[in-house]
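First listed ligand is number 1; within each ligand, the first listed atom is number 1.
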Amino acid sequence: MSALDRALTIDDLKKMAKRRVPKQFFDYVDSGAYTEGTYRANEEDYKAIKFRQRVAVNLENRSLASTLLGQPVSLPVAIAPVGSTGMTDADGEIKAARAAEKFGIPFTLSTMAICSIEDVAENTTKPFWFQLYVMKDRPFIERLIDRARAAKCSALVLTMDLQILGQRHKDVRNGLKAPPKFTPRFVAEMAIKPGWAMRMLGTNRHTFRNIHGHVTEATNLGKLSTWTATQFDLTLNWKDIAWIKKRFGGPVIVKGILDAEDAQLAIDNGADAIVVSNHGGRQLDGAPSTIRVLPEIVDAVGHKTEVLMDGGIRSGQDLLKALALGAKGAMIGRIMAFGLGAGGEAGVLRALEIVRKETDTTMALMGERDIRNIGAHNIYSNDLVKRQGY
Ligand SMILES: Cc1cc2nc3c(=O)[nH]c(=O)nc-3n(C[C@H](O)[C@H](O)[C@H](O)COP(=O)(O)O)c2cc1C
């Protein structure tokens with residue numbers, strides 16, 4: 001039995017990833033902004049929600065299949081955009097996209113990915129989603145949208161919660177950089193993580209390839225990081241959805257909604273779907289967990305649009321709770337990253353398999369056969385949930 005097969009939970013994969021990935025890149029994934037209070041709340045707030053156990057139901061022919069934005073999925077999840085995934089493991093975005101394709105769910109490529117749109121398109125066969133950060137250099141953003149369209153990306157995920165960067169203390173303390181600086185500490189770490197180092201030596205994808213070579217100012221890597229650091233657009237607003245949507249010509253999913261009023265504004269301004277998200281606790285520390293605000297956002301806009309959510313999902317049980325509270329599906333960030341760190345493409349597949357199995361068994365124990373029927377009736381009591389402040 002391989003080490004990956006022995007991993008029974010996402011936490012087992014996280015521990016494996018910690019052993020295999022250099023500290024600065026593991027910490028980059030396993031961190032939130034400032035006190036990390038929102039990062040922790042995202043995970044912990046699922047615990048208060050209790051399932052209703054129903055028995056003596058025919059459990060034959062169960063189905064986890066659903067749709068996200070009209071696209072069939074084998075499980076209602078999509079891989080969330082995770083910047084620098086190619087630093088968790090060499091060519092990480094390609095590996096994760098391939099795993100998603102095999103598993104039958106969408107993969108979302110970040111603007112801040114190591115592998116470019118073209119790298120992923122050349123190494124996969126199914127359309128993926130592209131996540132857009134709007135930057136001040138509008139001609140660059142227009143070209144980026146055109147590149148996503150040319151690569152046949154089937155949706156654009158427009159992230160609205162990162163006009164300014166929340167600070168992650170671990171990254172500052174570790175001197176995080178992509179590509180990494182060859183400090184004595186980093187070189188010493190390479191000696192104990194030779195697999196990661198060898199795989200990195202085997203690829204030339206070491207920096208932000210959606211940007212590098214595509215902006216005239218960023219001629220070398222030093223200039224690229226200075227350019228990127230000053231580029232996030234402080235003037236981004238709801239009106240921007242219209243021209244982005246027109247330019248892309250396909251569905252636009254607005255990500256980073258944590259408030260019912262913003263959800264309504266996103267829809268009014270043309271969003272085709274929204275993702276309830278606090279960026280995995282990496283931006284506004286002190287904001288509520290996503291599972292906590294999900295019901296009020298579903299109440300406000302759920303009848304008009306698909307509401308996806310992300311944040312803190314570490315198991316099939318967490319996924320089912322999000323569905324019970326009205327999400328059409330979920331995005332998963334760290335589940336993918338921990339799987340990738342633990343074992344590359346096979347590790348991402350293992351992570352997805354773990355979640356699939358947990359979802360299937362739990363759904364059956366709730367007395368349900370079809371994931372599309374999961375709803376408020378599956379949690380212990382709506383009143384109880386309300387009393388607890390959900
Ligand atoms: C390491 C890391 C990098 C991320 N980079 C991006 C990004 O480039 N663009 C984006 O929209 N969201 C980014 N996110 C947020 C994720 O898309 C997603 O909202 C979050 O990971 C969900 O929480 P979870 O990791 O608990 O599943 C990042 C998250 C992590 C953990």
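Taking every heavy atom of A80 and a limit of under 4.0 angstrom, the matching atoms of ligand 1 come to 16 (C), 17 (O), 18 (C). Proximity to S110 (heavy-atom distance under 4.0 Å) selects the following atoms of ligand 1: 7 (C), 8 (O). Proximity to S277 (heavy-atom distance under 4.0 Å) selects the following atoms of ligand 1: 19 (O). Below 4.0 Å from some heavy atom of D310 lie the following atoms of ligand 1, by number and element: 18 (C), 19 (O), 22 (C). Residue-ligand proximity, T159 to ligand 1, at heavy-atom distances under 4.0 Å covers atoms 10 (C), 11 (O). Taking every non-hydrogen atom of G83 and a distance limit under 4.0 Å, the qualifying atoms of ligand 1 come out as 3 (C), 4 (C), 5 (N), 6 (C), 7 (C), 8 (O). Heavy-atom proximity to R314, at under 4.0 Å, picks out these atoms of ligand 1: 24 (P), 26 (O), 27 (O). Proximity to G311 (heavy-atom distance under 4.0 Å) selects the following atoms of ligand 1: 22 (C), 23 (O), 26 (O).
Remark: minimum distance from atom 26 (O) of ligand 1 to any protein heavy atom is reached at G312 N, 2.8 Å. Remark: minimum distance from atom 24 (P) of ligand 1 to any protein heavy atom is reached at R334 NH1, 3.5 Å. Of the protein's non-hydrogen atoms, the one nearest atom 21 (O) of ligand 1 is G333 CA, 3.7 Å. Nearest protein heavy-atom neighbour of atom 28 (C) of ligand 1: P81 O, 3.7 Å. For atom 12 (N) of ligand 1, the closest non-hydrogen atom on the protein side is K255 NZ, 3.0 Å.
Backbone and side-chain nitrogen or oxygen atoms of Y133 are examined, and one is located within less than 3.5 angstrom of a nitrogen or oxygen of ligand 1.
A donor atom on one side chain and an acceptor atom on the other are found under 3.5 Å apart for K328 and T67. Between the side chains of Q24 and K177, not a single donor N or O lies within less than 3.5 Å of an accepting N or O. In summary, the side chains of Y39 and D30 do present a donor paired with an acceptor at a separation below 3.5 Å, with no hydrogens or angles considered. Side chain to side chain, T108 and Q131 fail the donor-acceptor criterion of an N or O pair below 3.5 Å. Under the 3.5 Å distance criterion, with hydrogens and angles disregarded, no donor-acceptor pair is assigned to the side chains of T38 and N278.
Although no hydrogens or angles enter the test, the distance criterion places a donor-acceptor pair under 3.5 Å between the side chain of R147 and the main chain of N210. Side chain of S31 to main chain of R168: no donor-acceptor pair is present (N/O by atom type, distance under 3.5 Å, no hydrogens or angles). The main-chain N or O of G166 is found under 3.5 Å from a side-chain atom of Q283 such that the two form a donor-acceptor pair. Counting only distance, with no hydrogens or angles, the side chain of R40 and the backbone of G32 share no donor-acceptor pair below 3.5 Å.
Counting heavy atoms closer than 4.0 Å to ligand 1, residue Q131 contributes side-chain atoms (C-beta onward) but none from N, CA, C or O. When non-hydrogen atoms are compared, ligand 1 lies under 4.0 Å from neither the backbone nor the side chain of E43.
Not a single heavy atom of N42 sits under 4.0 Å from any atom of ligand 1.
Counting only non-hydrogen atoms, the option in M336, R282, M331 that gets closest to atom 30 (C) of ligand 1 is R282.
Aromatic ring centres of F140 and W227 lie closer together than 6.0 Å.
Side-chain atoms of Y28 and K170, non-hydrogen and from C-beta on, never get closer than 4.5 Å to each other.
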